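What follows is one structure encoded as structure tokens, with my remarks underneath.
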Amino acid sequence: MSKKLILYISFIVVCGLSFITYSIFKVNPHHITDVVILIIFAAVCESLPIYINTNVSVSVAYAVDLMALLLFGPYEGALIASIGNLLLIRNFNGKIKYVLNTPYYKTLFNISQIAISVAVGGFVYEYLGGKIGSDVYPSYIIQSIIAATAYYFVNNLLVTNLIAILLEKPFFENLD
């Protein structure tokens, strides 16, 4: 691994794990049951991707993560998304992939970047005046759309930058 790759992964992991740790202490005790249920939904959605072709898949956990950040805010939303990602079990080319047989740095990067992405979406939503809870539609639909876009953008930015470093190509060549 190159120094640049190690530094990038380390930076994302430190930021992400710090936010996840902080988020644990921010969970409202009244929401524990709901958080656990959404973690299960997120893990199932992460485990059952939609395959576009043999090499490319899309996770529908984005919908669960977005719902979590709108219902509970950036802290609990990031926690739900990262733990859901941690618990994924996926059949990849005939091999079952899960946390214990995946390189630790990949797992740490994945849960960290998803926590950061969801958190940014949640903070954008709150900054724009969105209210956390079940009263999103129609009052806060614009804030929700912008938050979803921010989450998607940050997620893709972090992963595309990782790919650019791995392939040793300029960032913008990887946006196809």
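Fair warning: this is a prediction, and the values are worked out from it, not measured in the lab. Sequence positions, counted from 1, serve as the residue numbers for this chain.
- A continuous path of hydrophobic side-chain contacts links Ile32 to Phe41 [ILVMFWY only; heavy atoms under 4.5 Å].
- Scanning all heavy atoms of the two residues, the minimum distance from Tyr62 to Ala148 falls at OH-O, 2.5 Å.
- When all heavy atoms of Ala42 and Ala61 are compared, the pair lying nearest together is O-CB, 4.0 Å.
- When atom types are taken as modelled, the side chain of Thr160 and the backbone of Leu157 share no donor-acceptor pair closer than 3.5 angstrom.
- Closest of all the heavy-atom pairs between Ile132 and Leu69 is CD1-O, 3.6 Å.
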Below 3.5 Å, can you tabulate the donor-acceptor pairs from side chains in residues 5-19 to any protein atom, sequence neighbours excluded?
residue	atom	partner	partner atom	Å
Tyr8	OH	Leu158	O	2.7
Ser10	OG	Ile6	O	2.7
Ser18	OG	Val14	O	2.6

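- A distance of 11.0 Å separates CG of Asn91 from NZ of Lys97, quoted to the nearest 0.5 Å.
- A 4.5 Å side-chain heavy-atom check between Ser139 and Lys131 finds every atom pair outside the cut-off.
- When all heavy atoms of Gly129 and Gln143 are compared, the pair lying nearest together is C-NE2, 4.2 Å.
- In the hydrophobic clustering of ILVMFWY residues, with side-chain heavy atoms under 4.5 Å counting as a link, Ile89 and Leu38 come out together.
- Across Glu76 and Asn28, no two heavy atoms sit closer than the pair OE2-N, 2.9 Å.
- Both Leu128 and Met67 belong to a single network of hydrophobic side chains, linked directly or stepwise wherever heavy atoms of I, L, V, M, F, W or Y lie under 4.5 Å apart.
- Clustering ILVMFWY residues whenever any of their side-chain heavy atoms sit less than 4.5 angstrom apart, transitively, puts Val159 in a cluster other than the one holding Val60.
- Rounding to the nearest 0.5 angstrom, the gap separating the NE2 atom in His31 from the CG atom in Leu71 is 9.0 Å.
- The residue from Thr149, Val154, Asn156 that alone fulfils the side chain to side chain contact (heavy atoms under 4.5 Å, CB included) condition with Tyr152 is Asn156.
- Residues Ile20 and Tyr104 fall within the same hydrophobic cluster, defined by Ile, Leu, Val, Met, Phe, Trp and Tyr side chains chained together at heavy-atom separations under 4.5 Å.
- Exactly one of Leu86, Ile83, Val64 qualifies for a side chain to side chain contact (heavy atoms under 4.5 Å, CB included) with Ile39. That residue is Ile83.
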Ile37 vs Ile40, test: side-chain contact (heavy atoms from CB on, under 4.5 Å). Steps then yes/no.
CA-CA 5 Å; Ile37 289 169; Ile40 292 167; 5.5 Å; no
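- Between Phe72 and Asp34, the closest heavy-atom pair is CZ-CB, 3.5 Å.
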Scan the side chains in residues 105-121 for donor-acceptor partners under 3.5 Å anywhere in the protein, sequence neighbours excluded, and list what turns up.
residue	atom	partner	partner atom	Å
Asn110	ND2	Lys106	O	3.2
Ser112	OG	Leu108	O	2.7
Gln113	OE1	Asn155	ND2	2.9
Ser117	OG	Gln113	O	2.8
Ser117	OG	Asn155	N	3.2

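- Rounding to the nearest 0.5 Å places OG of Ser59 at 8.0 Å from CG of Asn85.
- Taking NZ from Lys3 and CD1 from Ile165, the interatomic distance works out to 14.5 Å, rounded to the nearest 0.5 Å.
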Check the pair Tyr151, Phe123 against ring-ring contact (aromatic ring centres under 6.0 Å, His included), reporting the backbone distance first and the verdict last.
CA-CA 10 Å; Tyr151 165 27; Phe123 288 131; over 10 Å; no
